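Step one of this worksheet: look at the structure below.
Letters A, B, ... are given to chains in the order of the sequence lines, protein chains preceding strands, and every chain is numbered from 1. All of these numbers come straight from a predicted model, not from anything done at the bench.
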Amino acid sequence: MTRDAALLLPSTEPVTLIDPDGNPVHVGQDMPDPQALVHAYAALISARRFNDQANALVRQGRLAVYPSSHGQEACQVACVQVLDPGDWLFPTYRDSAAIVARGVDPVQALTLLRGDWHSGYDPLTTRVAPQATPLATHLLHAVGVAHAARLRGEPTVVMAVCGDGATSEGDFHEALNFAAVFRTPVVFFIQNNEYAISVPLARQTAAPSLAHKGIGYGVPGARVDGNDVAALLSVLGAAVDRARAGEGPQLVEAHTYRVQPHTNADDPGRYRSADEVTPWLARDPITRVETYLRGRGLLDDEKIAGYGVSAEKLAENMRAGLGEDTVADYRDLFAHVYAEPTPQLREQQALVADELSREEAR
Amino acid sequence: MAAEKLTMANALNRALRDAMRADDTVLMFGEDVGPLGGVFRITDGLTAEFGEQRCFDTPLAESGILGMAIGMAMNGMRPVVEMQFDAFAYPAFEQLVSHAAKMRNRTRGRVGVPLVIRVPYAGGIGGVEHHCDSSEAYYAHTPGLHVVAPSDPADAYGLLRRAIESPDPVIFLEPKKLYFSRSEADLTLPVPPIGKAVVRRPGTDATLIAYGPAVPVALEAAEAAAQEGRSLQVVDLRSIVPFDDETVCAAVRSTGRAVVVAEAAGFASVSSEVVARVTERCFHSLHAPIRRVTGFDIPYPPPKLEHVHLPSVDRILDTVDDLQWEDA
């Protein structure tokens with residue numbers, strides 16, 4: 001760790017390695033190896049399909065709500081691809097695509113939004129924390145998980161994801177401060193998509209960038225083009241390496257944009273114009289890496305079709321898994337409040353059982 | 001080992017030390033708990049014995065302390081954290097209510113967070129504002145938390161050991177005014193589990209129900225009543241959540257009259273819950289409505305006026321006198 005202020009400050013501009021037209025940008029930073037980029041491309045195709053399918057499932061009434069990461073898929077796949085199997089991911093509600101990229105079953109990943117239960121997957125076996133809907137509170141849990149691992153001498157790194165809005169919450173600051181003081185291996189990854197529901201970034205901060213916030217805690221900040229998966233793999237990968245090497249927490253801000261509404265229940269026409277959105281569509285994270293890889297003979301129609309088939313299979317699994325009608329069991333309401341239900345919870349469960357048996361008898 | 005004279009502060013320190021010796025996943029952290037040993041010296045000597053990886057000071061931020069503890073508990077540790085004073089625990093409220101209390105439930109039982117939140121608690125020490133709150137109702141109202149309050153050194157030791165062993169988060173309320181009162185205790189004897197109330201003094205005419213700092217006051221009142229020929233039974237709840245309906249109701253049925261004593265403001269409180277529960281279950285055994293002696297519905301008073309607010313022997317005896325005695 002360093003206290004040299006100059007080394008803690010982020011670059012003036014976000015790091016881009018492949019521009020929106022698919023051309024390499026030379027900024028003195030290494031391009032990820034071709035295999036990593038091809039892997040990321042395949043994951044991008046699946047993540048986009050996942051987002052589109054989840055939106056469709058909301059329209060069909062199969063999901064209660066879906067906060068889409070459409071247009072932010074490069075962030076979703078890169079923050080997972082840089083992790084080792086023993087690392088942890090702490091996602092927010094908008095990071096379902098990252099959770100699936102990490103290997104969680106897509107139906108389990110959508111349990112929360114389907115309304116069957118809260119978290120549908122096993123956080124301990126998947127090393128993915130429950131999706132956080134309160135903002136920034138999970139960043140402190142990430143610090144605790146990382147600190148426990150470090151005390152045991154394990155090489156675990158924790159990827160803790162939040163949005164631009166969450167940087168205004170007190171827990172964001174406490175998490176960075178605790179992580180820095182205890183030199184905890186956490187990569188704080190801000191997906192700055194410019195909006196917290198309707199409120200633009202200008203109302204969250206007057207700082208030069210969100211990555212500049214790191215210097216106040218002694219945490220190095222980095223800025224990266226959030227729609228350039230190559231730059232994300234490079235910057236996040238370096239941050240993970242430094243954290244794993246014992247250099248303490250890292251802060252990475254990805255500049256991206258929420259091209260879709262906050263959720264299907266939102267009406268962006270009330271707070272932003274289509275003119276603002278249009279330029280971002282041209283910066284789509286998939287097309288630029290596709291152009292780049294094609295230009296180098298690393299991707300062709302046949303391969304692209306193959307990735308499309310895999311993505312379609314994912315969508316089929318989602319439709320099949322989420323199309324089934326499930327019955328939620330009321331006993332779950334009482335079973336998991338404590339390791340052992342209290343006498344009062346047993347009484348209350350018996351009361352519900354009695355009510356239900358009377359209903360059946362009627 | 002034979003009984004020894006010790007304070008609640010000694011007993012709590014011993015419980016932490018013994019728990020940390022028995023299980024190296026037990027950690028202690030918070031504000032000033034390291035080399036200083038805590039502002040009440042409850043963690044005295046722990047950093048020296050176990051090193052600063054196991055008993056350590058944190059930045060001064062209570063949400064951070066609890067949030068980090070939750071993450072550590074998710075990852076194999078059993079953290080014990082100290083909130084320096086009752087009213088200074090409020091910044092951690094969201095972490096407590098939305099995360100510590102709900103993690104097991106959110107994950108359908110897959111992830112428990114075994115942690116203990118020690119809170120030096122309540123008044124009677126002449127503390128200035130924000131140092132004397134009785135905050136138990138906030139905690140007791142939150143499903144997923146256990147809430148306990150010892151009233152003597154032996155129980156402080158036993159309950160803290162059990163709290164640290166619990167698979168669920170426990171709010172451990174330490175009555176500040178009892179920290180340094182000395183009594184006989186044999187720490188080798190087991191205490192009843194969390195969730196059990198105990199009868200501290202037998203009696204036949206009426207039952208005083210109390211917990212934490214109100215228990216010694218209730219015992220004193222029972223002693224004074226005995227001088228006047230009235231036999232008062234005293235029940236110490238020990239555990240607010242889970243609540244021991246069985247012991248409390250059996251005690252009230254045996255006397256037919258009851259008074260609940262608590263320092264906290266009475267409105268929408270643990271004391272009102274006790275009255276409601278006991279009335280629902282024991283109505284036909286009652287000879288008079290259950291009464292309460294509690295703090296008033298005011299912010300905690302300045303030191304010179306706290307005696308007006310706190311339940312006193314006189315208020316308890318006057319209230320007992322009002323329980324519709326047949327000879328009155």
Among the listed options A:Asn177, A:Thr342, A:Asp332, the residue most often paired with chain B at heavy-atom distances under 4.5 Å: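 Counting heavy-atom pairs under 4.5 Å, the top option is A:Asp332.
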
Between A:His118, A:His147, A:Glu174, which residue shows the highest count of heavy-atom pairs closer than 4.5 Å to chain B?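 The answer is A:Glu174.
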
Part of [X] lying under 4.5 Å from any heavy atom of chain A:
{"X": "B:Glu94", "value": "side chain"}
{"X": "B:Pro59", "value": "both"}
{"X": "B:Val113", "value": "neither"}
{"X": "B:Leu66", "value": "neither"}
{"X": "B:Phe56", "value": "side chain"}
{"X": "B:Ala69", "value": "neither"}
{"X": "B:Asp57", "value": "backbone"}

Crowding at [atom1], [X] (>12 non-hydrogen neighbours, <6.0 Å):
{"X": "B:His141", "atom1": "NE2", "answer": "no"}
{"X": "B:Glu49", "atom1": "CD", "answer": "yes"}
{"X": "A:Arg331", "atom1": "CZ", "answer": "no"}
{"X": "B:Phe88", "atom1": "CZ", "answer": "yes"}

For chain B, which residues of residues 83-108 of chain A have at least one non-hydrogen atom nearer than 4.5 Å to it?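 When heavy atoms of chain B are the reference, residues 83-108 of chain A contributes A:Trp88, A:Phe90 within the under-4.5 Å range.
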
Rounded to the nearest 0.5 Å, what's the gap from [atom1] on [X] to [atom2] on [Y]? Could you check?
{"X": "A:Ser119", "Y": "B:Met103", "atom1": "OG", "atom2": "CE", "value": "9.0 Å"}
{"X": "A:Tyr338", "Y": "B:Leu145", "atom1": "OH", "atom2": "CG", "value": "6.0 Å"}
{"X": "A:Asp116", "Y": "B:Arg108", "atom1": "CG", "atom2": "CZ", "value": "7.0 Å"}
{"X": "A:Glu340", "Y": "B:Ser166", "atom1": "CD", "atom2": "OG", "value": "10.5 Å"}
{"X": "B:Gln53", "Y": "A:Phe182", "atom1": "CD", "atom2": "CZ", "value": "11.0 Å"}
{"X": "B:Ile65", "Y": "A:Leu140", "atom1": "CD1", "atom2": "CG", "value": "10.5 Å"}

Shortest non-hydrogen separation from [X] to [Y] and the atoms involved:
{"X": "A:Arg152", "Y": "B:Gly76", "answer": "NH1-CA, 4.0 Å"}
{"X": "B:Arg106", "Y": "A:Pro130", "answer": "NH2-CB, 3.6 Å"}
{"X": "B:Thr58", "Y": "A:Phe178", "answer": "CB-CE2, 3.8 Å"}
{"X": "A:Val337", "Y": "B:Gly144", "answer": "CG1-N, 3.5 Å"}
{"X": "B:Met74", "Y": "A:Ala129", "answer": "CE-CB, 4.5 Å"}
{"X": "A:Val145", "Y": "B:Gly71", "answer": "CG2-O, 3.2 Å"}

Heavy-atom proximity to chain B below 4.5 Å, by part of [X]:
{"X": "A:Ala142", "result": "neither"}
{"X": "A:Leu139", "result": "neither"}
{"X": "A:Ala175", "result": "neither"}

I need the residue from B:Pro91, B:Pro169, B:Gly109 with the largest number of non-hydrogen atom pairs under 4.5 Å to chain A.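 Result: the option with the highest number of such pairs is B:Gly109.
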
Out of B:Arg104, B:Lys102, B:Arg54, return the one with the most heavy atom pairs under 4.5 angstrom to chain A.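 Highest number of heavy-atom pairs under 4.5 Å: B:Arg104.
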
In terms of the angle between their ring planes, are B:His99 and A:His141 parallel, tilted or perpendicular, with boundaries placed at 30° and 60°?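 Taking A:His141 first and then B:His99, their aromatic rings stand perpendicular (interplane angle over 60°).
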
Stepwise side-chain contact (heavy atoms from CB on, under 4.5 Å) check, B:Asp245 with A:Gln344: CA-CA 9 Å; B:Asp245 285 308; A:Gln344 289 75 22; 2.7 Å; yes

Go through B:Ile70 and A:Thr137 one step at a time and tell me if the side-chain contact (heavy atoms from CB on, under 4.5 Å) criterion holds. CA-CA 10 Å; B:Ile70 291 168; A:Thr137 50; over 6 Å; no

Salt-bridge contact B:Arg277-A:Glu347 (side-chain N to carboxylate O under 4.0 Å):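 A salt bridge is absent here (no side-chain N lies under 4.0 Å from a carboxylate O).
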
Taking the side chain as everything from C-beta on, heavy atoms only, tell me whether B:Met77 gets closer than 4.5 Å to A:Leu151.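 Contact flag for B:Met77/A:Leu151 side chains = yes.
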
Is there a side-chain contact between A:Asp171 and B:Gln95, using heavy atoms and a 4.5 Å cut-off?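 SC-SC contact between A:Asp171 and B:Gln95 confirmed.
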
Step by step, would you call B:Arg110 with A:Leu124 a side-chain contact (heavy atoms from CB on, under 4.5 Å)? CA-CA 8 Å; B:Arg110 292 184 179 110; A:Leu124 300 180; 5.7 Å; no

